[in-house]
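Owing to the predicted nature of the structure, the values given are computational and were not obtained by experimental measurement. What you see below is based on every heavy atom in this structure, not just the backbone, and it leaves out hydrogens, waters and symmetry mates.
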Amino acid sequence: MSGPPATTAPVPRRVGPSLLAPAILLASSLTVGLAPNAHAADTLLSQGKTATASSQEGAGYSAAAAVDGDPTGTRWASQWSDQQWFQVDLGRQSNLGRVVLTWESAYGKAYEIQASDNGTDWRTLKTVTGGDGGTDDLTVSGTGRYVRMQGLARSGGYGYSLWEFQVYGSDGGTNPPQAPGGAVKVEGTQGDWRLTVGGQPYTVKGVTWGPAASDGPKYLPDVKAMGANTIRTWGTDASSKALLDSAAANGIRVINGFWLQPGGGPGAGGCVDYVTDTTYKQNSLTEFAKWVEAYKSHPATLMWNVGNESVLGLQNCYGGSELEAQRNAYTGFVNDVARKIHGIDPDHPVTSTDAWTGAWPYYKRNAPDLDLYAMNSYNSVCKVRQDWIDGGYTKPYIITETGPAGEWEVPDDANGIPDEPTDVQKADGYTKAWNCVTSHPGVALGATLFHYGTEHDFGGIWFNLVPDGLKRLSYYAVKKAYTGSTAGDNTAPVVSGMSVTPASSAPAGAEFTVHAEFRDPDGDPLTYKVFLSGNYAGGDKRLVEAEWRSTGNGNFAVTAPQRLGVWKVYVQAEDGHGNAGIETKSVRVVAPPVTGTNLALNRPVTASSFQQSYGDCPCPPALAVDGRTETRWAGDWSDPQWIQVDLGASRTLRKLQLVWDPAYAKSYEVRVSDDGGNWSPVYSTTAGDGDVDTIDVAATARYVRLHLTARGTSWGYSLHELGVYG
């Protein structure tokens with residue numbers, strides 16, 4: 001995923017795609033119900049074939065009703081808005097001669113007849129304006145497997161409605177893959193570029209690929225059903241063949257990635273000296289060339305992508321003038337790779353991805369052999385267009401990762417952690433991102449949206465379209481962006497209004513309340529699950545099912561974990577049709593309250609040792625009695641150690657509460673003394689597990705000591721708080 005965008009360019013004005021109708025109109029009106037005069041050489045190709053539409057008015061008005069051969073009894077009807085479409089899959093490439101539309105009274109006043117080889121990239125065969133309903137018998141010329149009526153303007157306040165949609169022509173004699181074959185080229189002139197495959201225009205409508213390469217047969221049919229024509233990978237090796245083979249079988253193209261250090265933005269990968277490390281560069285060049293040679297003729301290969309976010313990521317390795325030299329050397333090496341690839345494979349473009357438009361000047365200066373640029377951008381994707389304009393660039397680009405705002409881009413919530421967008425906001429994020437890509441026609445050649453992944457963990461819930469195989473609202477937002485509709489789909493439940501009480505003071509081991517509102521667009525009964533993630537509390541990104549119970553009306557009683565810190569709580573609603581709505585909020589888990597007075601608070605305290613410097617240290621013993629769980633005492637990394645507090649006078653003791661840092665004691669004793677010299681044990685354990693220990697004691701003493709004999713980790717001993725209660 002991308003790192004923080006460094007662009008400060010203003011948000012560009014968003015320009016939607018224009019629909020320009022030619023002045024020439026050819027349409028004739030016949031009486032509804034009369035059979036058209038078919039040309040002798042024409043065959044009815046569409047009847048009984050698979051038909052889909054942007055929407056339908058109700059259950060009795062499906063797209064199939066317009067290709068069933070019943071001219072007056074059944075019909076397709078759309079929702080009551082413009083920009084609706086109806087299309088039929090003829091099953092194979094065909095020569096097209098005529099299209100006959102038999103309109104119901106809700107007809108199209110303006111529309112286009114379009115054809116496509118792959119169901120994604122469309123070309124206009126005929127434009128109609130001033131339509132008057134009845135039957136339109138249109139002569140067309142062209143080929144295609146898919147034929148579509150793209151509505152532009154309705155005749156009235158209703159939608160579009162067709163008794164029959166008939167396509168006449170002849171069998172093309174072949175049944176090619178849904179993805180066009182042939183060389184892939186970046187063609188056109190400044191600001192008017194296009195990607196072509198086998199000479200046909202190709203807009204990248206893709207997703208980044210998360211499953212194993214061997215899982216292509218399992219998931220790629222679903223990727224195709226979303227309307228995607230492309231997947232993007234980050235690495236290419238021997239395992240890639242299985243994925244490429246499966247992609248080709250599903251009519252999907254692959255952007256084959258090559259990984260270079262330090263990939264993945266700041267803090268990821270490793271550090272390479274691109275100025276001096278000729279061995280790394282030569283080894284990489286040799287390795288990449290090997291796989292280009294292996295897959296250059298594979299029908300699924302779309303292009304090669306060298307590196308991922310490394311210009312940005314180099315700031316994690318270098319600074320100042322050295323960083324500048326490394327960025328120039330890196331992009332120069334990318335150019336060497338591009339030149340090498342072109343020498344092996346002249347039929348596929350080469351690009352390179354970064355996560356910062358500030359990287360583009362380096363590519364412009366040092367990598368002239370790239371055919372196009374590539375950018376990962378999430379919340380700032382709508383600024384890329386203006387940055388490209390302001391930079392005066394002379395190459396087109398694709399967006400190789402985009403979607404809703406990432407963890408690094410959102411404000412913190414009340415518990416001080418990134419406030420994750422809701423499912424609805426995430427779905428809107430994909431729609432917005434795709435609209436911003438398509439608002440730069442002739443320059444932005446498409447996108448691969450992030451991420452077609454199945455992990456059901458912290459990152460998976462944030463970005464995956466199908467975590468654990470469950471389809472989210474975001475999945476359907478991407479499908480609608482790519483196909484124009486989700487009509488007829490059973491879509492995901494909607495979760496809203498989630499809250500946690502108390503959000504900032506849930507006692508460890510006690511119940512707190514989670515509330516959410518649930519709505520299923522299809523009226524399906526829902527089942528629920530509640531998960532917890534300790535990513536912010538201890539770095540564990542897994543989701544584990546919480547101990548919880550439903551209390552009705554969207555309320556759940558959830559048991560807080562024992563470890564203190566900020567946790568994420570996830571409510572998941574499933575509809576039984578493979579869909580899920582997931583909402584998340586944070587909860588701060590605190591030590592269970594202890595009644596009475598903390599006699600140790602801010603009292604004199606000593607210890608056998610303390611760490612002078614390591615991480616957040618110095619960590620003197622006084623920090624264990626300051627009443628703050630964000631500070632700590634830390635001892636040396638050896639056994640035994642001790643820490644003791646002077647209560648100032650002999651006091652009656654009732655409870656101790658020990659709030660451990662992850663460096664806890666597995667074995668320890670609680671000892672008490674009246675004089676600080678003679679000690680008596682009042683509690684011991686050899687099964688300490690960290691987190692919070694609340695211990696009952698019955699003693700009278702002035703001094704309390706923890707005698708620590710066995711560590712629970714390889715670190716030392718560390719206490720956030722030592723509370724003594726009377």
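When the options Tyr107, Trp80, Tyr61 are evaluated for a ring-ring contact (aromatic ring centres under 6.0 Å, His included) with Tyr158, the one that passes is Trp80. Considering Asp222, Asp489, Asn464, Thr486 in turn, Asp222 is the only one that fulfils the side-chain hydrogen bond (donor to acceptor under 3.5 Å, both in side chains) rule with Tyr475. If you run side-chain hydrogen bond (donor to acceptor under 3.5 Å, both in side chains) between Tyr202 and each of Thr196, Thr230, Asp121, Thr120, only Thr230 comes through.
Among residues two or more places apart in sequence or in another chain, the side chain to side chain donor-acceptor pair (under 3.5 Å) test is passed with Asp520 by none. Under the rule for a ring pair (Phe, Tyr, Trp, His ring centres under 6.0 Å), His348 has no partner lying at least two apart in sequence or in another chain. Among residues two or more places apart in sequence or in another chain, the ring pair (Phe, Tyr, Trp, His ring centres under 6.0 Å) test is passed with Tyr219 by none. Listed by chain and residue number, His456, Glu574 satisfy the side chain to side chain donor-acceptor pair (under 3.5 Å) test with Gln572 (two or more places apart in sequence, or in another chain). Taking the side chain to side chain donor-acceptor pair (under 3.5 Å) definition, one finds that Thr50 meets it with nothing, sequence neighbours left out. Thr584 is linked by a side chain to side chain donor-acceptor pair (under 3.5 Å) to nothing, counting only residues two or more places apart in sequence or in another chain.
Considering only heavy atoms from C-beta on, Val197 comes within 4.5 Å of Arg253 through its side chain. Within the 4.5 Å cutoff, no side-chain heavy atoms of Thr400 are placed close to those of Met375.
Note that Arg232 lies outside the cation-pi zone of Trp209, set by a 6.0 Å cut-off to the ring centre and a 45° limit from the axis.
A salt bridge between Asp428 and Lys432 is absent, with no side-chain N of the basic residue lying under 4.0 Å from a carboxylate O of the acidic one. Remark: Arg75 does not engage Glu164 in a salt bridge, criterion side-chain N to carboxylate O under 4.0 Å. Salt bridge status for Lys471 with Asp575: absent, with no side-chain N to carboxylate O gap under 4.0 Å.
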Notebook entry, point to check: Should Tyr111 and Trp103 be marked as a ring pair (Phe, Tyr, Trp, His ring centres under 6.0 Å) after you check the CA-CA gap, both sets of side-chain angles, and the distance that decides it?
Noted result: CA-CA 13 Å; Tyr111 61 91; Trp103 293 103; 5.5 Å; yes

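Aromatic ring pairs are classed by plane angle as parallel below 30°, tilted from 30° to 60° and perpendicular above 60°; the pair Trp193 and Trp388 is perpendicular.
Between the side chains of Ser377 and Thr402, not a single donor N or O lies within less than 3.5 Å of an accepting N or O. For the residue pair Gln93 and Arg145, no side-chain donor N or O sits within less than 3.5 Å of a side-chain acceptor on the partner. Tyr482 and Asn229 are not linked by any side-chain donor-acceptor pair at a separation below 3.5 angstrom, with hydrogens and angles left out of the test.
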